Protein chains: 2
Amino acid sequence: MPHAPATMRADILESAGRLFAARGFRGTSLQDIASDAGCSKASLLYHFTSKDAILTELLAPAGRELAELEERLAALDGEEAARAAVAGLVDLSLRFRRQVKILIQDVDALINRPELPDVNAVTERLVDALTGRSPTPEARVWGWMAMVGIFLTSAGEHALPDQALRAELTRGALRTLGRRTD
Amino acid sequence: MPHAPATMRADILESAGRLFAARGFRGTSLQDIASDAGCSKASLLYHFTSKDAILTELLAPAGRELAELEERLAALDGEEAARAAVAGLVDLSLRFRRQVKILIQDVDALINRPELPDVNAVTERLVDALTGRSPTPEARVWGWMAMVGIFLTSAGEHALPDQALRAELTRGALRTLGRRTD
DNA sequence: ACCCTAGCTGACCGATCGGCCAGTTCTGAC
DNA sequence: GTCAGAACTGGCCGATCGGTCAGCTAGGGT
């Protein structure tokens with residue numbers, strides 16, 4: 001039964017998006033997508049020029065909006081710009097959650113290894129330590145932000161000697177948690 | 001010239017670590033490592049049981065220390081625990097920078113795509129907006145933390161409705177930047 | 001009734017990659 | 001000098017993956 005109007009294309013995008021978010025781009029084969037969407041691998045490449053093109057179509061809207069946000073910010077200044085940047089990033093990240101997950105999925109696959117402690121368990125206990133006994137759900141979000149912020153910011157290139165970077169990471173994290181930084 | 005004592009093994013680890021950090025685990029082949037280390041692919045598998053075993057050996061020390069940190073935190077409580085958790089994570093992340101880069105490298109490879117705006121440029125401009133004109137290097141670190149925190153925390157699972165999560169992400173980010181949260 | 005075409009497919013291809021093995025070379029111990 | 005064994009290698013294998021292609025089929029336009 002070939003002629004299902006244009007639903008196949010949409011089904012493929014939906015399957016690919018879900019699988020990419022769950023197993024990562026490289027961790028998902030064309031066959032995986034085809035099986036999930038209920039068609040043949042060749043059919044994928046009839047509707048899309050390549051595996052990469054599927055990912056492109058999934059990420060393009062987020063990219064467009066990010067560029068728009070950037071433009072909007074260029075017109076603002078000072079406190080106004082800072083608040084707009086935060087609000088814009090929050091909005092974007094939440095509305096394109098699946099896309100964010102696609103981008104960071106490979107990290108999950110890499111981090112869940114026997115020689116590393118279970119990342120979920122560690123996360124839970126670190127957040128516990130950060131937020132104290134019986135934390136509110138809100139406090140747990142801040143705990144997450146502080147941990148992720150420390151972890152990933154450490155890997156970036158910063159114009160700061162190691163000792164100073166160490167101090168600033170600590171200060172930023174404590175502030176995220178709403179604690180005194182002295 | 002076979003018998004270089006045990007330097008080959010160390011050379012392989014060094015090469016693998018550098019390449020994994022630069023191109024990611026999956027993006028680095030055994031041949032890449034062999035060429036860089038100046039030996040044959042078969043030699044890698046003489047010194048290590050598998051490609052995965054190389055990564056394991058590179059990550060194991062970080063995993064051990066993370067487990068130790070967790071243990072140490074279990075004995076503490078309240079403000080003391082929070083500060084020890086932050087200090088411990090900062091220390092770990094900075095001392096194992098290369099390992100952190102290995103874990104997140106695949107994200108870099110995935111995020112630098114034509115349909116997405118150039119991530120470095122966007123990062124720069126967002127940090128500009130967050131920190132205002134002529135920011136200090138310290139302020140840029142906080143800007144980084146806030147952005148990364150928003151971005152990655154949004155992808156996690158939180159026991160919070162979307163609207164509340166949105167508010168808390170905003171609040172946390174503004175606090176990281178040392179701004180009023182009202 | 002006929003045919004054109006969009007939708008779809010099975011079979012196949014070339015490339016790459018992780019891993020294996022038989023065999024060679026060098027070294028240190030005796 | 002001899003020899004055991006560690007260090008190392010070229011060549012090969014099976015699996016997987018992205019992608020191609022010739023061809024089948026169902027339906028709508030005429």
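As the structure is a prediction and not an experimental result, all values here were calculated from the model. Throughout, protein chains are lettered first and strands after them, A, B, ... in sequence-line order, and every chain is numbered starting at 1.
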Counting primed atoms, P, OP1 and OP2 as sugar-phosphate and everything else as base, the B/S/- map of nucleotides 15-22 of chain D against protein heavy atoms under 4.0 Å is --SBBBB-
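- In this structure, Tyr46(A) does not reach the dC8(C) phosphate: none of its side-chain N or O atoms is under 4.0 Å from OP1 or OP2.
- Remark: Arg97(B) engages Asp162(A) in a side-chain hydrogen bond (donor to acceptor under 3.5 Å, both in side chains) (not counting sequence neighbours).
- In this structure, the side-chain hydrogen bond (donor to acceptor under 3.5 Å, both in side chains) partners of Ser15(B), at least two apart in sequence or on a different chain, are Asp36(B).
- Under 4.0 angstrom from either OP1 or OP2 of dA6(D) there lies no side-chain N or O belonging to His47(B).
- For Glu68(A), there are no side-chain hydrogen bond (donor to acceptor under 3.5 Å, both in side chains) partners, not counting sequence neighbours.
- Regarding Asp11(A), its CG atom lies at a distance of 14 Å from the C1' atom of dC8(C), rounded to whole Å.
- The ring-ring contact (aromatic ring centres under 6.0 Å, His included) check on Phe96(B) picks up nothing, with sequence neighbours excluded.
- Every residue two or more places apart in sequence or in another chain that forms a side-chain contact (heavy atoms from CB on, under 4.5 Å) with Leu45(B) is listed here: Leu30(B).
- Side-chain N/O atoms of Ser43(B) include none lying less than 4.0 angstrom from OP1 or OP2 on dA7(D).
- Taking a 6.0 Å sphere around CD of Glu80(B), one finds it holds 12 or fewer heavy atoms contributed by other residues, nucleotides or ligands.
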